[in-house]
Amino acid sequence: MGRFILRRFAMLIPVLVGVSLTAFLILHLAPGDPARLMAGVEASQEDVDMLRHKFGLDRPLPVQYAMFVKGLVTGELMSLRFESPAMEIILPKLKNTLILACASIVVAVVLGVTAGVLSATHRKSWIDYAATILSLFGISMPVFWWGLLLMLLFSVKLMWLPSGGMGTFRHIILPAVVLGTASTGIIARMTRSSMLDVLRQDYITTAAAKGLTRRLVVNRHALRNALIPTVTVVGLQFGQLLAGAVLTETVFTWPGIGRLLVTSILARDLPVVQAALVIIALLFVFVNLAVDILYAVLDPRIRYNG
Amino acid sequence: MADRSQGSLVARRILRNPIAVAGLAIILGYLFIAAFAPHIAPFDPTAQDLSRSFAPISAGNPMGCDEFGRDILSRIIFGARTSLIIQFFSVCIALVIGVFLGALGGYFGGRLDEAIMRVMDVLLAFPGILLALAIVAMLGPDLRNLIIAIGVYSIPQFARITRGSVISVRQNDYVTAARAIGENQSSIILRYVLPNAISPIIIQTTLRMATVLLTAAGLGFLGLGVQPPEPEWGTMLSNARMYLRSAPMVAVFPGLSIMLVVLGFNFFGDGLQDALNPRLKE
Amino acid sequence: MPVLDAENLVKLYPVRTGGLFGGRKALLRAVDGVTLSIERGETLGLVGESGSGKSTVGMLCLGLLEKTSGTIRFLDRPIEDYTGDDARIFRRKAQIVFQNPFASLNPRMIIRDIIGRVLEIHGLAHGRDIGARVGALMREVGLREDQMTRYPHEFSGGQRQRIAIARALASDPELVVLDEPTSALDVSVQAQILNLLQDIQAARGLAYLFISHNLAVIRHASTRAAVMYLGRLVETARKEAIFARPLHPYTQALLSSVPKPFVTDERMEKKIIAGDIPSPLTPPPGCRFHTRCRYSEDRCTKEEPQWREVEPGHFAACHRIGEIEESRTTNPYPEGG
Amino acid sequence: MTPPLLSVSNLTVHFHTEAGVVRALEDISFSIAPGEILGLVGETGCGKSVTASCVMRLIPTPPGRIVSGEILFDGRDILSMSDEEVRLMRGRDMAMIFQDPMSSLNPVFTTGFQVGEAIVTHEPSIAREPLRARVLDLFRKVNIADPETSVNRYPHMMSGGMKQRVMIAMALSCGPKLLIADEPTTALDVSIQAQILTLIRRLQREEGSSVLLISHDLGVIASMADRVTVMYAGSIAETARVRDLFDDPQHPYTRGLLGAIPRLDRDQGRLAVIPGTLPNLMNLPQGCKFRERCAEALPVCAEKRPALAEIRPGHEAACHARTGR
């Protein structure tokens, strides 16, 4: 087991290098002068040159990359907008986003797995059709529009819940539901199909043939196996939630990393954009690592072969 | 589908599935509207008439008017065109590059595969809309850059699906048999592997059409999509948001359009998945 | 001159057994020093249980898997020498039929193309000729010519196997490797295919390498038989000799553990080989069969038995052949565990 | 004469599929006496496995549908039992082992747990220690090496033969009166097959249970069964005591089958062949299902489906050429 985890860690190294390189290169992907891009169209040539020198944009690319990574690791990478280290701006926002994402994933897993299991065990019944259609609606709902609709209903019309900001438990309800809607649908579909797959296996017949109740066959023998692929999907969905936060946080003015990212892009605060991208990617990669390990806990075949 | 009888079997399964039929109907309606937008739309989608600002729903403006007095129905109809262009071209980019890389890695394996997959892992490490957001933020928001950004961020999905499918097909005896009768590599990939690996790619293409539209609209909503006055659903919604309390109906129709079209592709994709995957059928 | 002559064939697979950076690499000894040859018009039956490496031998002989070491001569020329244009000749003259007729035909091709591609690739027919030649091949294997525009899934398992045989025959081969050609088929269909293969061989003078786990099929179909166990040959001889007077304890025990389709008073319990087949990852030292052999003694656990000609044309690898000869009449294997 | 333990009469089962109605079983009747091994033999699609699933009432409905018939087990009609009654009977009164030991054990539970579960299901009050002892006992009984370690192993760590032993241990855990073995050795190597068959035979004698042994392999049937039923395309062709069936087969299909097997004990120039292919179960011909492949077919065979009739005591066949004019 220890070896297994170590190996997975080792496999992360090239991905981490790639992630930082991508975030770094995106800046240079832009047509024209990155210094001009940061300074804005109105800035004078002297200001641009000063900025170029200040950020080392006149140095060779590999040197710039090294500086960028160093800035990330030491936390010295400075924000253009706030004159403070980018990390100091990002980390508190990240915490807020994580709170939101965790609330959403809990909603999505509980509702999604339940709907998926019911759908699979009541195949071709009205439960299955209803769950399928609702799931597909959930997957198809544009987050920002869905947010606006719920806000219109619960904040503007009914005035039950606040329309934005962060603070009490009531503040998190709408954003968490909105953000988790698509994931609920996807987890439900995935659970359903892996459950149907498992229910066809011979060992399910074996379990029924020894006289287990239908409930035990489903909850013990089928669910345990069906959850193995679902766990991967949950991991991927966590990433989707981090990304979806960009939109949800904008709708509900939730002070998270997604909103920071958007405002930083619009304000051309590139160091913060890059650092935020790297941080989200890192988080996502580590969540997937955790999922891999969980996978091994659930599936003894991997545990011993890995 | 290369195979007649198998193709008709798939068609029959789809037509027997009410969800898939509903999806197909939505898609066809969408294509029709996008194709004939100038003939259907009652008004010029960019013609302003400030006297009709936020005009309510009426016979003349079945969806009312926006803040500049533009007819919302006409903007929705032309917006379908914009969406379709984005969907089509970005999915094409992703499909061609992704299938090529995935097939290459999956068939030959080894270091080449390892290298391709690591690059894909890096792209996948930026989840969801983020990669597209970053690319479009740097390239500048316009239709072409939007297509590139969304296309690039969809590549890894196609590459992974194709790779997985190719790997499982490659293990079939008919591929070994093809080697035994002396077929060359390219012929094996094109005649034996890809035709049999195509089902998941078709499904992915359909489902991607849905995701891509959501992403484009999301970028539009953040002000990073197609710029006004070009009619685009996400951008329309972004503007409408400012008047949410005074004129909520302006926000309803663009969102509804996005949802309906995305739903259409997801319904159809779901039906296609069932129809092409007989394992799930008894 | 034999059609195929393989000497000291070895195929090792590196296998990961976990750990950091790929972990300890172990070697799976799939085929470990196999020597065999096949003459024109002859069928060599290759029999063994799972893990014996019999299918790997077939793939090695056709160059469909790369051998680790050893030599394979096809029509008196090492197969490595068939390069460039000659590679085609080798592909044309050596063919294969697989076990599972549901996986060995491209489901997206019609029968005319499945068989016709062989003719196209090797330039054996052009344009309209292809259809006519495919038709003739289909008749040869007992199919109707008018079925050639159909897809594989429209045929039964037996018919598909006929299609696979027609494909193998299309390039007019000298050698056909039959890899469990009837194992996926029902008994009644198996009989049809076995007869067909017999007829084809008689008409074309082909050499077959017939691979099967089914001893009765091997006995029926081959002229000579070779028995494999864990990557090694244990015995080979003309079929009359090997089935009437098996010399190796493994062959003996294998023959007696096959349930026969007639009623005897003999009890099943008497005929069993004890224990599990060891993993080819960790084959036992010495004689590979010693862990399950009732005649095993100290020497068998240490020394590898030599491959020797015990009787003319009858080879075996066992330390104790002479000594166990007399006890052959009784064969009291204990129940395995 | 003792009453049979299991008697199946006039069982007819259909499957409703996308392509049409598959007539999987048609008017099947047979019985098993206490302590008897009945071999059920036939080729792919003959309905032998469906029959076994019906006896355990494990047919998924839909798509399956039991159209008519009666299955009496120990005097009780299985088809009219409540779901709960059937559940309590499964594993306790009748148990089953399957063809593929690789896939019939749940990969995420230890083998010991899975065997223990079978016991707990029917004896919910059993305590932890006696349960463990029972499981270890069962493992010893089926000759699994090192039971103390083996109970803690996951299925993928065991060989196919060992897994089949675990399946047998599970099946025997509650001392069933009837054991249904559906192709129990088909996925195994010859040498392992012999071990498993011997084990089943020994345990059957020790426990005195009846066995319904399903196989496509006439060799397995000949060496194991007391009586044999031959099935063809969803119907029974012939039933006889094992010696009668192999020494003097009556139905042309049985004869064809025996002639088509390659033999280890003698030379055959060419194998006897049953011409043609199986009829389509969705579109069965009129009259005898075997008629189109039969050398002895009479005019009547095209009109009337032959019924199973006694040719001599204990030997029945469904063939117009044998039973009546």
Side-chain angles (χ1 to χ4, degrees), chain C residues 47-52 156-159 182 184-196 198-199 213-221 239-240 243 250 253-264 266-279 292 333 335-337, chain D residues 42-46 142-145 158-162 165 185 188-199 201-202 215-225 242-243 245-247 253 256-265 267-278 293:
Chain C
V47 66
E49 298 183 283
S50 49
S52 65
S156 69
Q159 288 174 317
T182 62
L185 306 176
D186 275 319
V187 178
S188 64
V189 184
Q190 165 171 280
Q192 296 172 1
I193 299 293
L194 288 176
N195 285 345
L196 174 69
Q198 220 172 31
D199 295 344
H213 70 282
N214 186 326
L215 287 150
V217 166
I218 291 287
R219 176 186 163 119
H220 176 78
K239 108 172 147 187
E240 302 80 46
F243 286 100
Y250 177 62
L254 205 54
L255 281 171
S256 66
S257 52
V258 178
K260 317 288 184 300
F262 50 84
V263 183
T264 58
E266 218 179 319
R267 293 190 40 165
M268 201 75 204
E269 287 81 346
K270 300 270 188 239
K271 316 168 183 172
I272 285 184
I273 311 179
D276 256 333
I277 304 170
S279 160
R292 306 172 77 195
Y333 273 90
E335 183 184 328
Chain D
E43 297 181 287
T44 311
C46 72
V142 296
N143 288 342
I144 293 177
M158 288 185 165
S159 69
M162 281 303 139
R165 286 169 196 266
T185 58
L188 304 174
D189 277 309
V190 179
S191 64
I192 310 299
Q193 161 168 289
Q195 297 171 4
I196 297 295
L197 291 179
T198 315
L199 178 67
R201 183 109 223 200
R202 194 196 82 208
S215 183
H216 69 283
D217 185 335
L218 285 157
V220 169
I221 296 290
S223 55
M224 293 286 289
V242 66
R243 203 173 274 280
L245 189 103
F246 282 90
D247 291 351
Y253 175 64
L257 217 48
L258 283 167
I261 312 172
R263 300 284 294 250
L264 260 182
D265 56 319
D267 280 325
Q268 298 145 289
R270 269 176 87 76
L271 294 168
V273 158
I274 306 175
T277 51
L278 274 173
R293 309 175 71 181

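Each chain gets a letter, A, B and so on, in the order its sequence line appears, and its residues count up from 1.
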ask   = Side chain, backbone, both or neither: which part of D/A225 has a heavy atom under 4.5 Å from chain C?
value = neither
query = What option among C/D199, C/N195, C/L185 has the most heavy-atom pairs under 4.5 Å with chain D?
reply = C/N195
Chain D interface, residue from C/I218, C/D186, C/V263, C/L254 that has the most non-hydrogen pairs under 4.5 Å = C/D186
key: Distance (rounded to the nearest 0.5 Å) between D/I192 CD1 and C/S257 OG   = 9.5 Å
message = Once rounded to the nearest 0.5 Å, what's the spacing between atom CG of D/L188 and atom CD1 of C/I277?
response = 9.5 Å
Indicate the atoms forming the closest heavy-atom contact of [X] with [Y], along with that distance.
| X | Y | value |
| --- | --- | --- |
| C/S188 | D/E43 | OG-OE2, 2.7 Å |
| C/S156 | D/T277 | OG-CG2, 4.4 Å |
| D/D189 | C/E49 | CB-OE2, 3.2 Å |
| C/I273 | D/S191 | CD1-CB, 3.7 Å |
| D/L197 | C/P259 | CD1-CG, 4.1 Å |

Measure distances from [X] to the heavy atoms of chain D and classify the residue's part below 4.5 Å as side chain, backbone, both or neither.
| X | value |
| --- | --- |
| C/L255 | both |
| C/F262 | both |
| C/L194 | side chain |

ask   = So which of D/D247, D/I221, D/D267, D/I261 has the biggest tally of heavy-atom pairs under 4.5 Å with chain C?
value = D/D267
query = Between C/Q192 and D/P275, is there a donor-acceptor pair closer than 3.5 Å when you use the side chain of the first and the backbone of the second?
reply = no
ask   = For the side chain of C/Q198 and the backbone of D/G269, is there at least one donor-acceptor N/O pair under 3.5 Å apart?
value = yes
ask   = Heavy-atom distance under 4.5 Å between the side chains of D/L218 and C/V187, does that happen here?
value = no
task = Indicate yes or no: at least one non-hydrogen side-chain atom of D/P262 is less than 4.5 angstrom from one of C/Q190.
result = yes
Residue pair D/M162, C/D276: steps toward the side chain to side chain contact (heavy atoms under 4.5 Å, CB included) verdict = CA-CA 8 Å; D/M162 281 303 139; C/D276 256 333; 3.6 Å; yes
inquiry  = Taking side-chain contact (heavy atoms from CB on, under 4.5 Å) as the criterion, tell me which of D/R263, D/R270, D/Q268 meets it with C/H220.
reply    = D/Q268
